[in-house]
2 protein chains.
Amino acid sequence: MSTEYSGGGDLTFSLKVMWGGREKPTRGPRPGLSVERIVEAAIRVADSEGLAALSMRRIATELGVGTMSLYRYVPGKNELVDLMLDAAYGEGLEPGRTPEQEAEALRGKGWRAGLEEIARGSWALHLRHPWILQVSQARPVLGPSSIKGLEIALRVLDGIGLDEFEMMKMITLVDGYVTGTARIIVEAGQAAKQTGVSDEQFWQAQEPFMTRLLDDARFTTLRRVADAGVFADVSGADPSAGDDGFEFGLQRVLDGIEAYVTAGREAR
Amino acid sequence: MSTEYSGGGDLTFSLKVMWGGREKPTRGPRPGLSVERIVEAAIRVADSEGLAALSMRRIATELGVGTMSLYRYVPGKNELVDLMLDAAYGEGLEPGRTPEQEAEALRGKGWRAGLEEIARGSWALHLRHPWILQVSQARPVLGPSSIKGLEIALRVLDGIGLDEFEMMKMITLVDGYVTGTARIIVEAGQAAKQTGVSDEQFWQAQEPFMTRLLDDARFTTLRRVADAGVFADVSGADPSAGDDGFEFGLQRVLDGIEAYVTAGREAR
DNA sequence: CATAACTTCGTACACCGTACCCAGTAAGGG
DNA sequence: CCCTTACTGGGTACGGTGTACGAAGTTATG
């Protein structure tokens, strides 16, 4: 079992569906399903049972249809995942509002507050849909939602003294930080379900090795950190415990960006 | 097909193998294989063909043995992935040197240079073994290599005015940035192989949608960025193109950390 | 009303991880 | 010495996956 790949199949089909460029059939029986309903069901399954449980048979059962019926609407599983991604990305966006309006609202309190809000939105999105992190975004199929999100982020950073390359790099930086941290924190919550190994079993198995380790003279710093209680809440059940770490790191990242922005401004 | 999970199976077995706590059999035929050889072959396959191609049958073929023979040495695929991870993490570490020695060498030019080097090492590791990014590190099985790496990183940050929690947060921050960015950049290079869609095909399929998009008044900023050539090298073949973006972001992250460290020092 | 276009979906195939089992091999105890 | 015991090798089989193919039913159009 390996990671899903985005953009792996009939690309033109996915793009047409996402941008609304497919024509309705006139003849034949009325379609009993729709791409939207399939995508919705698939997201529901992935949210609650994880991407591992997302099979075409499972989705068909969820919708009460035959497995192969899905292939009348979606060319394959790869394309379905593409559509799931774009649907998820679109959740935070008001469909009626233009990127300009969204960006203006975000920039009300300055670019830093705007970027902060974007990062928090992305963080929350990954908490809601942990399966996104398991889909390789290598060459993301550019759907309307991701494009819209990119335009908004660019507008937030526009006019503060960065050139186009720098703007894009900053967005990559924040995105990299958010998704990287989300992977570490979010997946921990899912691990028990996915692996069938409970948190207790997991730490119990590691414990003898850990205690022996902490007495080792080579790992004195680790021991001090462990004694301070840094790992105490790792096995804890509080899912929002990761939020503190996220916020802390986010501020450091934004500090780094701000230092660059102000330095560039002074140089002018 | 969904992401591999680390720590999914017989945990104690993986831990014993990693920490060298398994006894040799006395009776019976000599083992024709070894865990090390299997792990090595598995990494070879994953490196060259991707995690998707890593099946027990494939590994067995690689080694010229029957598929089920592998199960004499490894309880299952999950455990094998655990071992692959620890083996990969161990690559950058000199086996003979203690964490103290490694950390001292890194700290020679200050904590920032040390952290920088750790980040670059991790970046290079992910370039060498892209499959690592496809393995969920939710609850990483703590092997000697990852523990050693953590101890080294902690020592690099020790004594510069951060408390234990802050030290750990900084490490999470840098790790999150490195892996997050690596995912974005590294996987792009693998996408063509994995999906069977060439780069040309991919961008050709998206082009009509993109050009229509760029004429849209709602996406003027995106258009300006595209015209500046920011996306020009995305489809390019140069794999080291991502290095610039990585280095740029890394410096911003380190700036953010440095600002926090010096602010804390002044407060004292 | 025949036809063409469209739907639903059962069957089948190649792949996966791996449980089970049996045959072959080598050391230890008598 | 040989028999028991522990071990290795690996064939077969089972239940899962994505999906190609094709048969059967439904509906608008010429």
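A note on names: the letters A, B, ... follow the listed sequences, proteins ahead of strands, and every chain is numbered from 1.
Considering only side-chain N and O atoms, Y71(B) lies nowhere under 4.0 angstrom from the phosphate OP1 or OP2 of dC20(C). Between R58(A) and the phosphate of dT17(D), there is no side-chain N or O to OP1/OP2 separation shorter than 4.0 Å.
Atom CZ of R30(B) is separated from atom C1' of dG9(D) by 16 Å (rounded to the nearest Å). Nucleotide dC9(C) holds its P atom 15 Å from the CD1 atom of I59(A), rounded to whole Å. Between L70(A) atom CG and dT17(D) atom P the separation is 13 Å, expressed in whole Å. Distance CG (L54(B)) to C1' (dG17(C)): 12 Å, rounded to an integer number of Å. Between the CE atom of M56(A) and the P atom of dC15(C) there is a distance of 20 Å, given to the nearest Å.
L51(B) places a side-chain heavy atom less than 4.5 Å from the side chain of V135(B). For the pair M84(A) and H129(A), the minimum side-chain heavy-atom distance is 4.5 Å or more. Using a 4.5 Å cut-off on side-chain heavy atoms (C-beta onward), R37(B) and Y73(B) make no contact.
Between R57(B) and P31(A), the residue whose closest nucleotide on DNA chain C is further toward the 5' end is P31(A). Checking V65(B) against P29(B), the closest nucleotide of DNA chain D that is more toward the 5' end is the one next to P29(B).
For Y73(B), counting side-chain heavy atoms from C-beta on, the closest listed nucleotide (dT19(D), dT8(C), dG9(D)) is dG9(D).
Between the side chain of R27(A) and the base of dT7(C) there is no donor-acceptor pair of N/O atoms closer than 3.5 Å.
Within 4.0 Å (heavy atoms only), S69(B) reaches at least one base atom of the nucleic acid. Within 4.0 Å of G66(B), counting heavy atoms only, lie sugar-phosphate atoms of the nucleic acid but no base atom.
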